[in-house]
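Only one structure is covered here, and it is reproduced in the block below.
In what follows, chains carry the letters A, B, and so on, assigned in the order in which the sequence lines appear, proteins first and then strands, with residues in each chain numbered from 1.
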Amino acid sequence: MYSEKVMDHFMNPRNVGEIENPDGVGQVGNAKCGDIMKIYLKIEDNRIVDIKFKTFGCGAAIATSSMATELVKGKTIEEALALTNKAVADALDGLPPVKMHCSILAEEAIKAAIEDYRSKQLVSSK
Amino acid sequence: MKYFALDNTGKGVLEMERRVYMDHAATTYIKQEVMEEMMPYFTEKFGNPSSVHSFGREARKAVDMARDRTAKALNASGDEIYFTGGGSESDNWAIKGIAQANKHKGNHIITSSIEHHAVLYTCQYLEKMGFEVTYLPVDQYGLVNPDDVKRAITDKTILISIMFANNEIGTIQPVKEIGQIAKEHGVYFHTDAVQAAGHLPIDVKDMNIDLLSLSAHKFYGPKGVGALYIRKGVRVHPLMHGGAQERNRRAGTENLPGIVGLGKAIELAYENLEDSSRKLTAMRDRLISGIMERIDNVRLNGHPTKRLPGNANLSFEYIEGESLLLSLDMKGIAASSGSACTSGSLDPSHVLLAIGLTHEIAHGSLRLTLGDDNTDQDIDYVLEVLPDIVQRLRNMSPLFVQHKGEKYYV
């Protein structure tokens, strides 16, 4: 039911782990629904220089986390914010319809991490 | 995981993928002896059992033999066995058939919260038609309390439907006690024995069972064929209307090879019951204890001893079941899970929630169901690969870190 790319990103996920002293952290989902994604960002000069994730969830949740981090790594914040769940799913050669919510979660997790970064910037600039 | 084996000439070596099937509660393979008995009924003995000629008579004889074998396995008589299209049809027929035929007596049905969907959704359908249904809770092991059954009976109760053994957690219900209560109160008792038939001793007379559902592909018979035992004198409306097959109670030309296969499979199962049960129980217990020794934060779901011989169901904290299944599948191991992601819904298994598991623990469940083809080497193989799989997924899980680093997890 999963594409080869999904299975590849599930078995060999990219960017798994945590970042010490991250510039932004975003967590979405909840254990009740069976999916939690946590994204850590390192940002320099408005660019995502490093990104890591931790995910509790199904194969699609892990694969979309992995692919989403790949897609935004090295990008500017504005470029990362333009990432859509469809782009994540397409990059994985598609997801089964019941798993599309996983790609939405991946998009939201990255946005939440950037939001966290921006709110910290606001505090430090005050 | 690749390994080398001698090919059937004994000369060369073949590179093979190691595959271990531990999902026998989902379905089983057909045993060779069963297949051999079925074969002629696809080709030369293809007659319609309703036909008058010799082809028909030959087919009729085969159906009658299968009926007698099925009856013998349950301590019933042949004219109490009705062949169906499988377990779901048997459950639907028993419940809707009793409800329709007895609605002048009452509209109340008692069942449990851990039944198979073939029972639960049928009951929900009947609720829409004006019936009232009590869904009894179960304890932490998944056991129905017979006193709860007794207390739930009203003067409107027409049917008690409690499964013999649970398909997910393997818990075996106190069927005989419930049957006794039903009998004392003059209420019909149906049991969904799809997981129990062929695996546990069943005596419909001793256990006071009025209706019992079974399915051939759970005990090494073919898919698409099952049976409903209906005690003589029980009023049931038909589910299928049409021809006069199955003594006018279940229309449709008989699935001749399927019925022959069911008959042979159930006979074989009960001939080998003790041996098979002893072997499976020993392997099951070694599998469960082996997993619990090797992996932390694991819990056994279901009753430690009142459980199906081949059923192991465990929850692994901090990880999700589908990713566990995919990882096992990559190693050639076939299993199942109560995780939402494997069911296509957002909620994990209703059975795991009913025994008191939180959603997050229920999501991390794994069901391994053993069968006659499994070996001690299969158990060793699972015990060898599972700890690394669980650790890999835990290392990826945000819940696991919070557990290690802080006081609690989400």
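Interatomic distance, CD1 of B:I319 versus OG1 of A:T55, reported as 14.0 Å (0.5 Å rounding). Expressed to the nearest 0.5 Å, how far NZ of A:K54 lies from CG of B:L399 amounts to 10.0 Å. In this structure, CD1 on A:I36 lies 9.5 Å from NE2 on B:H363, to the nearest 0.5 angstrom. Between atom CZ of residue A:F56 and atom OG of residue B:S323 there is a gap of 8.0 Å, rounded to the nearest 0.5 Å. We find the CD-OH distance between B:E322 and A:Y2 to be 3.5 Å, quoted to the nearest 0.5 Å.
In the displayed structure, B:Y29 atom OH is contacted under 6.0 Å by more than 12 heavy atoms of other residues, nucleotides or ligands. For A:E78, the CD atom is densely surrounded, since the number of other residues' heavy atoms within 6.0 Å is greater than 12. Surrounding OH of B:Y135 are more than 12 heavy atoms belonging to other residues, nucleotides or ligands, all under 6.0 Å away. More than 12 heavy-atom neighbours from other residues, nucleotides or ligands sit within 6.0 angstrom of CD on A:E18.
Of all the heavy atoms in A:M11 and B:R392, the pair that sits closest is O-NH1, 3.1 Å. The nearest pair of heavy atoms linking B:E320 to A:G34 is CG-O, 3.8 Å. Here the closest heavy-atom approach between residue B:M396 and residue A:I62 is recorded as SD-CG2, 3.7 Å.
For A:M37, no part lies under 4.5 angstrom from a heavy atom of chain B. For chain A, the nearby parts of B:L326 are the backbone and the side chain; heavy atoms of each come within less than 4.5 Å. Of the atoms belonging to B:R394, not a single heavy atom falls under 4.5 Å from chain A.
Across A:P96, A:G59, A:A60, the residue that shares the most heavy-atom pairs under 4.5 angstrom with chain B is A:G59.
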